[in-house]
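The structure appears right after this line, and notes come after that.
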Amino acid sequence: MAGHSNIVHFAGPNSKILDASVQSAHYKMVCGHCGDSAVGAVIAAYFEEEIHWIRCPSCGGGTVVSGETQFPGPKVGGDVLGLPSDVEQAYQEARSCAGVNAYTAAEVMCRKILMHVAVDKGAESGKTFAFYLTYLSDGGYVTPPMKPWVDEIRKNGNIAVHEIPATDPGRALGTLIFTEQLLRMVYMMEHLAARYTP
């Protein structure tokens with residue numbers, strides 16, 4: 001399915017066939033489905049409104065670009081090796097939420113990830129959120145230098161859950177960055193140590 005074979009390019013409101021060799025028949029993007037940086041095939045376009053329907057050559061997924069906004073957008077944040085499946089699923093959901101500008105949902109997921117990590121590391125499920133934070137701290141998973149930014153994950157998640165105003169995009173992206181770093185410290189370093197040390 002990869003590549004641009006068997007693609008017919010269309011352009012404009014009259015659905016005229018567009019020569020695939022012209023620059024406007026292709027669009028450089030980071031695919032919101034597979035994450036590859038690729039030059040996608042423009043399947044259809046409405047040039048008056050700058051709307052493009054694009055197919056990724058790597059995964060075949062469809063993307064719409066309207067102006068400068070891409071749907072689905074590329075995932076925000078980086079991959080973290082060594083995550084258990086439930087933590088991985090929650091982290092990918094947080095990344096996907098941020099990628100589609102669902103910043104409140106992204107911060108809520110980052111807050112929830114703290115609970116996932118605590119339970120994965122041995123905390124009993126069904127406890128309070130405060131219990132999980134204490135568990136992570138007492139267990140050494142959150143070290144003293146990490147406490148201020150882990151507390152930002154908690155505070156920002158609380159604001160997203162309990163307050164009415166829209167979530168600030170910059171704050172939400174910061175929350176995701178802090179969450180990514182926590183996951184790197186708790187899981188990825190242990191994963192890499194197991195891989196590279198005797």
Side-chain angles (χ1 to χ4, degrees), residues 27-38 40 42-46 49-120 125 128-130 132-133 136 142 146 148-188:
Y27 192 93
K28 187 174 181 180
M29 64 176 192
V30 175
C31 180
H33 299 284
C34 69
D36 280 0
S37 183
V42 175
I43 304 302
Y46 183 55
E49 299 291 330
E50 293 190 39
I51 301 172
H52 299 84
W53 290 264
I54 303 160
R55 178 179 182 256
C56 175
S58 299
C59 71
T63 298
V64 175
V65 176
S66 179
E68 294 185 19
T69 305
Q70 178 180 321
F71 304 97
K75 285 185 182 174
V76 178
D79 293 330
V80 179
L81 299 175
L83 297 178
S85 62
D86 66 320
V87 176
E88 171 77 20
Q89 185 177 16
Y91 177 57
Q92 293 304 327
E93 185 173 338
R95 292 177 68 198
S96 294
C97 289
V100 296
N101 303 332
Y103 298 117
T104 299
E107 282 194 319
V108 170
M109 286 308 301
C110 289
R111 181 182 188 271
K112 187 175 179 193
I113 287 168
L114 295 174
M115 297 189 308
H116 279 272
V117 172
V119 170
D120 177 66
S125 63
T128 66
F129 188 70
Y132 293 129
L133 292 178
L136 290 173
V142 175
M146 294 166 64
W149 50 268
V150 170
D151 197 47
E152 284 299 308
I153 299 169
R154 176 194 66 80
K155 287 191 301 189
N156 295 345
N158 285 348
I159 291 168
V161 169
H162 299 294
E163 295 188 14
I164 301 281
T167 299
D168 176 75
R171 187 190 76 210
L173 295 176
T175 302
L176 185 61
I177 290 168
F178 291 145
T179 303
E180 178 184 339
Q181 292 310 312
L182 171 69
L183 296 176
R184 287 182 186 282
M185 300 293 283
V186 173
Y187 293 104
M188 188 168 169

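These numbers were taken from a predicted model, which means no experiment stands behind them.
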Are [X] and [Y] side-chain neighbours, meaning at least one heavy-atom pair lies under 4.5 Å?
{"X": "V65", "Y": "M29", "value": "no"}
{"X": "Y91", "Y": "I113", "value": "yes"}
{"X": "D168", "Y": "Y103", "value": "no"}
{"X": "C31", "Y": "S58", "value": "no"}
{"X": "L183", "Y": "V87", "value": "yes"}
{"X": "W149", "Y": "I177", "value": "no"}
{"X": "L182", "Y": "M146", "value": "yes"}

Are side-chain N/O atoms of Q89 and E93 paired as donor and acceptor at under 3.5 Å?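 On atom types as modelled, these side chains do not qualify, holding no pair under 3.5 Å.
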To the nearest 0.5 angstrom, please state how far the CZ atom of R184 sits from the CG atom of L83.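 Nearest 0.5 Å value for the CZ-CG distance: 9.5 Å.
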Atom pair NZ/CG of K112 and D86 - distance to nearest 0.5 Å: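 Going from the NZ atom of K112 to the CG atom of D86 covers 9.0 Å.
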Without swapping roles, check the side chain of [X] against the backbone of [Y] for a donor-acceptor pair under 3.5 Å.
{"X": "Q70", "Y": "T63", "answer": "no"}
{"X": "D120", "Y": "H116", "answer": "no"}
{"X": "E107", "Y": "I159", "answer": "no"}

Full working for salt bridge (charged side-chain N to carboxylate O under 4.0 Å, His left out) between R95 and D79: CA-CA 10 Å; R95 292 177 68 198; D79 293 330; 2.8 Å; yes
For [X] versus [Y], what's the shortest heavy-atom pair and its separation?
{"X": "P74", "Y": "V30", "result": "CB-CG1, 3.6 Å"}
{"X": "I153", "Y": "C110", "result": "CG2-O, 3.6 Å"}
{"X": "A98", "Y": "A106", "result": "N-CB, 3.9 Å"}
{"X": "T167", "Y": "A160", "result": "OG1-CB, 4.1 Å"}
{"X": "E180", "Y": "G78", "result": "OE1-N, 3.1 Å"}
{"X": "A94", "Y": "L176", "result": "CB-CD1, 4.0 Å"}

For V64, the option from T69, I51, I54 that meets side-chain contact (heavy atoms from CB on, under 4.5 Å):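 That would be I51.
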Counting only heavy atoms from other residues, nucleotides and ligands, does the tally under 6.0 Å from CE of M185 exceed 12?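 No, the 6.0 Å shell around CE holds no more than 12 heavy atoms from other groups.
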